[in-house]
Each structure stands twice: as C-alpha cells, then as structure tokens.
Amino acid sequence: TEDNHNNFIGVRHLEGSEFGDTSYTEYQTGDQAQEGGINFDAVDFVEYFNITADNWQMTNLWNDSATKAAQAKLHTVLHKWFQCKGDGCM
C-alpha cells in the first residue's frame, strides 16, 4: 500500500568507487498516485552513511560539513539517474 511518508530515491556506492562504500538517500512526503507524482524537488530528509566506518548506519552524515561537497555531487548523480529514460541512461 502507498504511504505518503515512504517515498525515497537512493544511490549506493561500493568500496573503491569515487564515493567509497556509502549510501545516499533522499525522502519526500507525497502521494505517487496524484497527478505529477513525486519529483523529489522538495526533499524532506536526507540520509548519508559511510558504510565502511558505520556498518549499522547509525550516524547520519547529512549535517557533517566535511561531507557537503560529496553530498552535493551525490545529489546531482542521484537526480540525473532518477530523470533518466531510454537507452541513453547511465
């Protein structure tokens, strides 16, 4: 069943990648069934975890100023993927 609070898009990178072993997820409240759906242009909450250092994902690095540049890049990568359609996708 659809829940207005359970809408998310995320990207997971593995050790050895540009972002290391990380998980980056954006959440937005809304109803996918309504006209226009959810475009994740008004994100309510972000989770960003370094899985190598925090295997249980207990420390959200979203507010960590040392990770802001990486998060900005991950946001761009995530939204590029989310908007991608057809054979030319990543």
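A salt bridge (Lys or Arg N to Asp or Glu O under 4.0 Å) check over residues 49-78, counting only residues at least two apart or in different chains, returns the pairs E18-K73. Pairs of residues two or more places apart, or lying in two chains, that qualify as ring pair (Phe, Tyr, Trp, His ring centres under 6.0 Å) and include a residue from residues 55-80 are H75-H79.
With D44 contributing its side chain and T29 its backbone, the two residues share a donor-acceptor pair below 3.5 Å.
Residues L78 and F19 are members of one and the same hydrophobic cluster, defined by side-chain heavy-atom contacts under 4.5 angstrom among Ile, Leu, Val, Met, Phe, Trp and Tyr.
Annotation for S23 and I51: closest pair CB-CD1, 4.1 Å, computed over non-hydrogen atoms.
Between N60 and F49 there is a side-chain heavy-atom pair separated by less than 4.5 Å. Two residues are said to be in side-chain contact when any heavy atoms from C-beta on lie closer than 4.5 Å; N63 and L61 fail this criterion. No side-chain heavy atom of W81 sits under 4.5 Å from any side-chain heavy atom of T76.
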Result block: side-chain N/O donor-acceptor pairs under 3.5 angstrom for residues 8-16, not counting sequence neighbours:
{"unit_1": "R12", "atom_1": "NH1", "unit_2": "D21", "atom_2": "OD1", "d": "2.4"}
{"unit_1": "R12", "atom_1": "NH2", "unit_2": "D21", "atom_2": "OD1", "d": "3.2"}

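With sequence neighbours left out, T67 forms a side-chain hydrogen bond (donor to acceptor under 3.5 Å, both in side chains) with Q71. Every residue two or more places apart in sequence or in another chain that forms a side chain to side chain contact (heavy atoms under 4.5 Å, CB included) with D41 is listed here: Q28, N39. Scored by the side-chain hydrogen bond (donor to acceptor under 3.5 Å, both in side chains) test, E47 finds Y27 as partners (sequence neighbours excluded).
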